[in-house]
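I have placed the structure first, in the form of structure tokens, so that the comments after it can refer back to it.
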Amino acid sequence: MKKEIPKAYNPQEVEDEIYKKWEESGMFNPDNLGLSESAEKFVISMPPPNATGVLHLGHASMLAYQDLMVRYNRMQGKNTLWLPGTDHASIATQTKVEKIIAEEGQTKYDLGREKFLERVNEYVENSQNTIKNQTRKMGSSCDWERERYTLDDGLSRAVREVFAKMYNDELIYRGDRIVNWCPRCESTLADDEVEHKDQKANLYYFKYNKDFPITIATTRPETKLGDTAVAVNPKDKRYKKYIGQVFEIDLGNGIHKIKIIADREVEMEFGTGALGVTPAHSMTDWEMAEKNDLEKIKIIGEDGKMNASAGKDYAGLTVLEAREKFVKYLDKNKLIEKVEEVDQALSVCYRCGASIEPLPSKQWFVAVDKKITIEGNKYFQNKSLKEVALEVVNKIDEKEKDKIEIIPDRFAKTYHNWMENLHDWCISRQIWFGHRVPVWYKKELGANLKFQNNIHVGKETPEEKYNKAVLLHAWGSGPEEAFFPWLKEEFESRGIEVIVPNLPNPENPDFNKWLEEFEKIETDAKTIVIGRSLGATLALGSASRGKNFGNLVAACTPLENEEISEFFEQMGELDFVKIKNNIKQYSVIHSSNDPYIKLEISEKLSRELDVELIVVENADHFSGESYKEILKACDVWIQDPDTLDTWFSSGLWTFSTLLDQNHKKYETFEDWIANSPDLKRFHPTSVMETGYDILFFWIARMILMTTYTLGEIPFENVYLHGMVRDKQGRKMSKSLGNGIDPIEMIEKYGTDALRLSMIIGSSPGNDLKLYEEKIEGYRNFVNKFWNVSRYILMSVDKVPHPTSPKRGGVPMAKTLADKWILEHLENLKRHTTYSLKTYNFSFAFESEFGIRDFMWDKFADWYLEISKIQEKNDAILIYVLENLLKLCHPFIPFVTEQIWQEMGKEKLLMVEKWPEFEGKENEACLTQINLDFELLMGIITEIRRVKNENGISLKEKVDIVIKSETRKDLTQADFDIIAENRNIIENLAGVKSLKFETGAEKLDDWIQFEARVFGFVNVGDLIDTEKEAKRIEKEIEETEKYIKQLKGKLDNKQFVQNAPAQIVEKEKQKLSESESKIKNLQEKLKSLL
RNA sequence: GGGCGAUUAGCUCAGUUGGCUAGAGCACCUCGUUUACACCGAGGGGGUCGGGGGUUCGAAUCCCUCAUCGCCCACCA
């Protein structure tokens, strides 16, 4: 063919084009692979990258491993699907956008829920595009036609359906319990979203008052304002007498009853052995309070500030301010005994790092311990979610085929341990971005609602315009001018008195005074107070805790006048007076996305609701219809304002992505599941490949949700990769400035090089160190491969197609070198296949019989050099190259495909068939051929060495004598091999004439190669005899030592008796080889001196 | 406090059920402008396998212990 091909591989020039070719071929989509129905499947659900920011090395490594598996399996002829997508990542994304708008000087309350969500969606769309393009850059062969996003219409319905199903099975419930609260995110967190940070803290020893008999110790004095008990160990003699007694204390926020209780959990050695119990603000204390029926006083609000219950001295202060103030108070009253520095594990939010406040709150939970039976579900027969999740995963050393196998299996232990200790999962989040909890509350008019807190006041309150409006809550948005005065008029025209109370001065709010005004309003049931949505920069928060503000109506949002008018007409139909008299609060949201009006209730308020609730399985039930229908259907429908934990939707990922996205065809969930073709074809997925850091967050959730919903495991295997770190093993982070940008590396070294640098040296479950020199090294490998191909394509006359002449597909080998390279190629096929099958990716490439060694050392450095000397065998060159390209393709798809195209192939390498081989895949199969060839290599290397060490140029031709003095040396067959391949030795080692001398009587004893070669080569007079003699002396010395060792071993009766016969035999052989070697060395030494 | 992992050449790592005089790549030293490749070729040096103890004929590999580093879990307030 003799082609002109660039001297160096330039990835930048070809990668994009190749990717385009792949994508346009349609072969990423399994439907186009032309496979039969019965073809084995291979499916990976791509762990959806967060819809935030850009692709980092973690994603890049994940894509490299997955694409490797996917390409390998596709070439194996499997029905291969790699389904890509993105995750909305509620808290992470929301936090990110909040930061962005903060730079513009705004908060989410300024924008309101809708405008804010618009901003989020805008942001998401943008970063999704970035991620998608970068995923392509990595060469990912995923099916873009099946791309999904967790907020897609179909996936969202799946979320609602599963929620409803679980609710009906009583696996989802609403409970008023202590939860982890992040004051920064203003949301609850699941237990595993809380991180612990070690830090020093002061442990204060003090008494509540002078008369109190017990000194307590705490690191959080401010919480003592909510104490209702002191716990001691029942065995503690010091306090035994007090157990059961009740003391009254006053810390400035009213009289508290403190009961002395006994609890075995209390450590006698820590502090004073007495623990002040704060039920509302400590997980431990909460449990004690439950057991002992204690009062729970909530003194810290959702905003992280002290509330009214903490007393007027503390209300409105941050926790830290309150702590300082309270310590001062204790100090002033001489109640502090001592202060000690202790180590403490501070709970912080895994997203924003803010300190977590445990708070009691009404939230939605998934019951993990409730046993249920589901018809047609083989797992759930009187079993709990937790039990099933434990049951379907193989333990270490357990290898049941229909169970999930975790690789590496040590993580199975971690999984089981974690799952066993799982508590009910709190799934509601006070985040705006995400799947809204699909629960609508049917408000029975007349129920008593309690207004909570969360009155937000913005500085920009247009006091002049509207006579000081009250802002009731923060969502909704829009031009107040559009509706506010009009709304007031509407009420008044209906004979309702409207009062718009004064706002507290935002600069210096006197909340108590302001609250008093509200108290007054409450007494007048005919009064309505109109609120208006506005940004909240200042929150009243805890100061208003527990207050009933009476009949408040908040109307938010950008309603047009006519709409408002229409709305109130409807309200009239519903007996507006009745509503007025009974509904304490509601708000009206008009969404620009939806054609209907929803009736909603303020965010925080809803948690205080105690109303009948109705779960609506499919919100689309309402869509397309006007709010009239809603209003007709029931009195008032209020959707829960919270959204679901992002892991709730990701937990469905393997199957929600495979459900028919044209979901409106299906009326019921069961119908949808049963009739989605992709779900039938591709679920359960084959491998879940992801980082070990989300084993609990995600893997565990998928197992829970999928076994429950489908009665099927979500995946057969879990392959966990490690984290990418820098050369020192540190995490890559912006603050350290040690991050590597994958895109920058791709531009510099090419995608293939980057992929290899992440695949090599990585093993399941272990972290990977990555640095630029490493990537550079694999760039060199890629270039070497390029040049090997270049040489072959330039020197071969034409690419035979198919390869011929052939013998079972393998071309005829003429020479020893031919046979040798073919033997090793067969071995490489076995080795690569076995390694990939067993997930030993790095091993496939880097080990003794791996790809690197074959391509660079055996093929390029030996075979190609020999092919320049011997009669050229085009068929073999092409055969080896083609096979090597196929074997390497999953690792380095771009360069291999490019070479394949240079060869003039019509079909894409991507869909070529994986090389076949005979024999066992996990055994190296090397024969006499290999030993013979190694003899040649050994002789050549020895001649080169001697020449090199004696300053003789490799090019300079010398005379060489190969001697064999003893009968255990070279056999006649060996001499035949050497003679046959004499020209190779002469060319590669620079030899003028090659002579043999043998003193052996019999040459048929077979012995190992090292002994045969070492010391035979004699280059005569050309060497520095003194230097060479020294070297040989040293060698003799070492060999003698070795012989002594071997003899000692063989003289040991126990060794001969106990060791397996073949081992003993091996040792004997080694001994005879060494003895022979030493004789040769001595002989040589003699001839030198 | 509990659990897991790591510790092998200057660096990054192999070393699969215990059995080649412990290997590779990079770096290093010497030599080399042979039309595939200097992103290369030839040759070479370099390790008490973290320390100590044990099991065994035999240990980098199995057991115990100590040390250092890293990670995960946990309500010592």
Side-chain angles (χ1 to χ4, degrees), chain A residues 5 7-9 192 196 203 216-220 223 231 265-267 269-271 274-278 282-287 342 344-345 347 358 410-411 413-414 417-418 421 692-693 695-696 723 725 727 729 749 753 760-761 763 765-771 773-774 776-795 838 840 842-843 846-848 850 852-853 860-861 864-865 868 922 941 944-949 951-955 988-989 1008 1010 1038-1039 1041-1042 1045-1046 1049 1052-1060 1062-1064 1066-1067 1070 1074:
Chain A
I5 295 171
K7 211 167 165 175
Y9 173 59
D192 47 315
H196 300 278
L203 182 66
I216 56 162
T218 182
T219 54
R220 296 199 58 186
T223 62
E265 297 290 303
V266 179
E267 294 253 347
E269 287 73 33
F270 189 89
L275 157 68
V277 180
T278 321
S282 155
M283 296 284 176
T284 331
D285 297 5
W286 177 271
E287 278 170 29
V342 292
Q344 186 202 25
S347 301
R410 65 187 146 91
F411 280 100
K413 198 174 161 183
T414 321
N417 188 35
W418 182 86
N421 294 314
Y692 62 73
D693 55 331
L695 177 64
F696 307 137
M723 307 293 112
R725 296 173 180 279
K727 204 170 182 175
Y749 301 106
I760 314 305
S763 51
N766 293 321
D767 290 349
L768 168 81
K769 289 178 188 160
L770 189 68
Y771 40 93
E773 301 95 287
K774 193 171 167 184
E776 199 183 331
Y778 292 109
R779 187 267 319 260
N780 295 353
F781 173 87
V782 169
N783 190 58
K784 182 76 183 179
F785 197 171
W786 176 259
N787 271 289
V788 164
S789 315
R790 178 171 179 254
Y791 168 72
I792 293 172
L793 295 186
M794 288 195 317
S795 59
T838 53
N840 288 309
S842 186
F843 188 72
E846 200 69 344
S847 64
E848 192 187 349
R852 183 197 178 95
D853 177 73
D861 289 347
L864 288 191
E865 290 311 312
K868 291 173 187 170
N922 56 350
T941 305
R944 283 168 171 175
R945 199 210 95 238
V946 174
K947 284 171 95 177
N948 201 305
E949 280 186 0
I952 304 161
S953 155
L954 191 61
K955 271 164 79 184
L988 294 186
Q1008 285 288 318
E1010 289 102 311
E1038 274 172 20
T1039 313
K1041 232 200 254 168
Y1042 183 50
Q1045 214 181 73
L1046 288 169
K1049 223 180 195 177
N1052 184 340
K1053 273 180 195 160
Q1054 278 173 304
F1055 171 70
V1056 180
Q1057 261 168 32
N1058 295 333
Q1062 28 170 323
I1063 298 290
V1064 178
K1066 243 184 192 172
E1067 296 297 304
K1070 278 188 229 166
S1074 303

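We name chains A, B, ... by the order of the sequence lines, and we start the count at 1 in each one. Keep in mind that this is a model prediction, so the values were computed, not measured.
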So, for E848(A) and D853(A), which heavy atoms are closest and what is the spacing to 0.1 Å? O-OD2, 3.0 Å

Does this structure show an ion pair linking E1067(A) with K1070(A), if we count only N-O contacts that are shorter than 4.0 Å?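 Here E1067(A) pairs with K1070(A) in a salt bridge, since their nearest N and O are under 4.0 Å apart.
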
Checking K947(A) side chain against K955(A) main chain: does a donor-acceptor pair fall under 3.5 Å? no

Mark yes or no for a side-chain to base donor-acceptor pair under 3.5 Å between [X] and [N], with no hydrogen or angle criteria applied.
| X | N | value |
| --- | --- | --- |
| K784(A) | C39(B) | no |
| R779(A) | C39(B) | yes |
| E865(A) | A42(B) | no |

Counting only side-chain N and O atoms of R945(A), is one of them less than 4.0 Å from OP1 or OP2 of G43(B)?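 So the side-chain polar atoms of R945(A) never come under 4.0 Å of the phosphate oxygens OP1 or OP2 of G43(B).
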
Please determine whether a side-chain nitrogen or oxygen atom of T941(A) lies at a distance below 4.0 Å from atom OP1 or OP2 of G43(B). yes

Counting only Watson-Crick or G-U wobble pairs whose two distances fall under 3.5 Å, which nucleotide matches [N]?
| N | value |
| --- | --- |
| U56(B) | none |
| U48(B) | none |
| C4(B) | G70(B) |

How would you label the contact of A231(A) with the nucleic acid (heavy atoms, under 4.0 Å): base, sugar-phosphate, or nothing?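 If one applies the 4.0 Å heavy-atom cut-off, A231(A) turns out to touch nothing in the nucleic acid.
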
Quote, to the nearest angstrom, the P distance that separates G53(B) from C72(B).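 One P to the other, the span is 35 Å.
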
What integer number of Å spans the P atoms of C71(B) and C63(B)?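 The answer is 25 Å between these two P atoms.
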
For R220(A) and T223(A), what are the C-alpha separation, side-chain angles and deciding distance, and is it a side chain to side chain contact (heavy atoms under 4.5 Å, CB included)? CA-CA 6 Å; R220(A) 296 199 58 186; T223(A) 62; 3.7 Å; yes

For RNA chain B, whose closest nucleotide is more 5', that of K7(A) or that of K955(A)?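 Result: K955(A).
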
